[in-house]
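This report refers to the structure that appears directly beneath it.
Below, read A as the first sequence line, B as the second, and so on, with proteins coming before strands; counting in each chain starts at 1. All values derive from a computational prediction rather than experimental measurement.
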Protein chains: 2
Amino acid sequence: MRLSTKGRYAVTAMLDLALNGQDGPVTLSDISENQGISLSYLEQLFAALRAKNLVRGVRGPGGGYFLGREADEISIANIICAVDEWVEFTRCQGREDCRGGQRCMTHNLWDDLSRQIYEFIEEISLADLVSRGQGSNHGCHKEKPAGIQDDLSEQAA
Amino acid sequence: MRLSTKGRYAVTAMLDLALNGQDGPVTLSDISENQGISLSYLEQLFAALRAKNLVRGVRGPGGGYFLGREADEISIANIICAVDEWVEFTRCQGREDCRGGQRCMTHNLWDDLSRQIYEFIEEISLADLVSRGQGSNHGCHKEKPAGIQDDLSEQAA
DNA sequence: TAAATCCCTAGTGTTTTACTAAGTATATAA
DNA sequence: TTATATACTTAGTAAAACACTAGGGATTTA
């Protein structure tokens, strides 16, 4: 599982699409302007999204992009996997030379964790994110998630 | 939130430490050999982990690394944030020019998602992973998480 | 004193990221 | 029919990140 800025760009763009695609297609120019992502980069991202049928393009003036299917049938995992190719991490593919299973144990544990995280974002759909946004404040205030900088280092030092 | 191979290396190394650090410190050479990570790269990762007091180094022969605190008090989020520096994504920091709040809405939604994922891996401790490994099979068989390649593209095309 | 370990800094090839540029294809509208 | 607006495609590129090599120093044990 990989979760980098590239995936964020894709999720953000798809969100924009879900929010603004109610009445007619949304152009990449719009998304580019709305989200501050370069047009050509968006085109690359959407090439990947299109390949997975997550979006549908309409050419010509008045064209743009629609979601490829209903927003409640597109998971965050779908989006991220489309642009951020899933990479296998473990290298010991069935080999026996893994130090008495020790090495493979940590690898299996990582696989478990990786799968857990995947299943977690698999459960969150675009529609979830949209409906979540309905009731909350849409202002520009930002609050850092609590506990991100757990500076135990200061205390312990 | 960023979740790349670098973070995986760190989590894997910490898992190795949790598993093998019961009786005496674990050397980076051991981890390097166990997990197939270059020694010098491990040293860089551990410099970051040390800075956050997630590990404690013991110098000299017979030395190595201990966990900086109990395994149940180290979350996956702690580890990943230590090596994979949290990066802010949104660029509209309180600015008003965000197209009638539209842009900020998607950004806020992303922030929410990001926080959710963070809180999720915040809840998983090293001890959780270790205890999870106790009962299961430690063999080298690998099974791909179900539903990762959701090739709706084939069906829909 | 020698060796094993942590610790630190600098450099490096490769890949990824995010972008620019320059087109082609297709549908709409004048 | 022609111009335009869009999707689509390919190639190139600067900067960053990744994962590593190299070469040391500092500290502790034997």
Side-chain angles (χ1 to χ4, degrees), chain A residues 1-13 17 20-21 24-33 35-68 80 82-89 91, chain B residues 1-13 17 20-21 24-33 35-68 80 82-89 91:
Chain A
M1 188 66 237
R2 184 199 242 140
L3 185 52
S4 63
T5 46
K6 192 176 178 186
R8 289 178 221 199
Y9 277 121
V11 171
T12 305
L17 212 55
N20 301 323
V26 182
T27 69
L28 290 189
S29 301
D30 283 344
I31 299 180
S32 171
E33 202 182 324
Q35 306 300 333
I37 310 170
S38 95
L39 182 57
S40 235
Y41 194 42
L42 274 177
E43 282 172 342
Q44 284 174 41
L45 294 179
F46 273 70
L49 296 171
R50 206 175 342 107
K52 295 283 182 182
N53 281 102
L54 295 177
V55 296
R56 180 168 51 88
V58 177
R59 300 219 252 200
Y65 277 98
F66 287 106
L67 291 181
I80 289 176
V83 299
D84 235 359
E85 228 53 42
W86 186 281
V87 281
E88 283 298 334
F89 180 56
R91 299 166 180 170
Chain B
M1 187 67 240
R2 184 199 243 139
L3 185 52
S4 62
T5 46
K6 194 176 179 186
R8 287 177 223 200
Y9 276 124
V11 171
T12 305
L17 213 54
N20 301 324
V26 182
T27 69
L28 290 188
S29 301
D30 283 344
I31 300 181
S32 170
E33 201 182 325
Q35 306 300 332
I37 310 172
S38 95
L39 180 57
S40 234
Y41 195 42
L42 274 177
E43 282 173 341
Q44 286 173 40
L45 295 178
F46 272 71
L49 296 172
R50 207 176 342 107
K52 296 282 185 184
N53 282 101
L54 295 177
V55 297
R56 181 168 50 88
V58 177
R59 299 218 253 200
Y65 277 98
F66 287 107
L67 291 181
I80 289 176
V83 299
D84 235 358
E85 228 52 43
W86 186 280
V87 281
E88 284 296 337
F89 180 55
R91 299 164 182 171

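- When each of B/K6 and A/A47 is assigned the nucleotide of DNA chain D with its nearest heavy atom, A/A47 is the one assigned upstream, toward the 5' end.
- For B/T5 and D/dA19, the shortest distance from a side-chain N or O to OP1 or OP2 is below 4.0 Å.
- The residue among A/P61 and B/S38 whose nearest nucleotide of DNA chain D is located toward the 5' end is A/P61.
- Atoms CG (A/L49) and P (D/dT9) sit 13 Å apart, rounded to a whole Å.
- The side chain of B/T27 approaches C/dT5 more closely than any other nucleotide in the set D/dA19, C/dC8, C/dT5.
- Note on A/L28: only backbone sugar-phosphate atoms sit closer than 4.0 angstrom, heavy atoms only; bases stay farther off.
- Straight-line distance from the CG atom of B/D30 to the C1' atom of C/dA4: 12 Å, rounded to whole Å.
- Distances shorter than 4.0 Å separate none of the side-chain N or O atoms of B/S4 from OP1 or OP2 on D/dA17.
- When distances are taken from the side chain of A/S40 to each of C/dT20, D/dT29, D/dC20, the shortest belongs to C/dT20.
- Per the geometry, CG belonging to A/L42 stands 14 Å off P belonging to D/dT6, to the nearest Å.
- OP1 or OP2 of D/dC8 sits under 4.0 Å from a side-chain N or O of A/R50.
- At a threshold of 4.5 Å between non-hydrogen side-chain atoms, the residues A/Q44 and A/V83 do not count as touching.
- Residue A/Y65 is in sugar-phosphate contact alone, with no base atom involved, counting any heavy-atom pair closer than 4.0 Å across all strands shown.
- Side-chain N/O atoms of B/E43 and base N/O atoms of C/dC6 include no donor-acceptor pair closer than 3.5 Å.
- Interatomic distance, B/L17 CG to B/T12 OG1, rounded to the nearest 0.5 Å: 12.5 Å.
- Each of B/V26 and A/G60 was assigned the nucleotide of DNA chain C with the nearest heavy atom; the assignment lying further toward the 5' end belongs to B/V26.
- Put simply, the side chain of B/S32 gets close to the backbone of B/I37: a donor and an acceptor are under 3.5 Å apart.
- With contacts defined as side-chain heavy-atom distances shorter than 4.5 Å, the pair B/L42/B/Y65 does not qualify.
- Residue B/L45 holds its CG atom at 12.0 Å from CG of B/L54, rounded to the nearest 0.5 Å.
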